[in-house]
Amino acid sequence: MKDIVWGQILSIEVDEIDDDHRKLVNIFNILNHAVMEGESPDYLAAVLAELVNCTVWHFSHEERLMLKYGYEGIEEHKAVHLELVKGAKELQEKILQADKTIADEDIEYLERWLTEHILTDDMRLGAYLSQVM
Ligand SMILES: [Fe+2]
Ligand SMILES: [Fe+2]
């Protein structure tokens, strides 16, 4: 699996959110490398926990900005965040309990999980925030 390369295409034109997204992309890439290099299950679980925890924090950050700047789509966006966290936690459970390895399909899932939300819901949020912040 290739790394996610940060670039203009992922920018939502709001620096403080882009900074978070860049951080999440970095952790994803660390995880991807850890899988390719055959790191131990404990290490993989630790990196995945870092990614999930950082994402939960990042979602609170976005939700605070939505509140502060009166974003109309807040409820829908929060619902998507909830689903994304649920998906990641299910994957975490699966990895901890079952095979203790992260398969290619899990990495592909996480890649979509990370980028599709940025490219759709976050992009709409960015278009709004960059007007009002
Ligand atoms: Fe985001
Ligand atoms: Fe978001």
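The figures that follow rest on heavy atoms only: side chains count, while hydrogens, waters and symmetry mates do not. Counting begins at 1 with the first residue of the sequence. For ligands, and for the atoms within them, numbers begin at 1 and follow the listed sequence. Everything numeric in this text was worked out from a predicted model, so none of it was measured.
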- Item | Of the N, O or S atoms in H77, the one nearest the Fe ion (ligand 2) | NE2
- Electrostatic pair K23-D20, nearest N-O below 4.0 angstrom: no
- Item | Connected via hydrophobic side-chain network under 4.5 Å: V80 and L82 | no
- Message: Could you check whether any side-chain N or O of N32 sits under 3.5 Å from a backbone N or O of M1, counting only pairs where one atom can act as donor and the other as acceptor?
- Response: yes
- Message: Can you tell me how far apart OG1 (T101) and CG (L44) are? Round to the nearest 0.5 Å.
- Response: 8.0 Å
- So how many protein N, O or S atoms does the Fe ion (ligand 1) have within less than 2.8 Å? 4
- Determine, step by step, whether H77 and H117 satisfy the ring pair (Phe, Tyr, Trp, His ring centres under 6.0 Å) criterion, reporting the C-alpha distance in whole Å, the side-chain angles of both residues, the deciding distance to 0.1 Å, and the verdict. CA-CA 10 Å; H77 199 130; H117 180 63; 4.9 Å; yes
- Message: Restricting to non-hydrogen atoms, name the atom on D122 and the atom on I118 that form the minimum distance, rounded to 0.1 Å.
- Response: CB-O, 3.5 Å
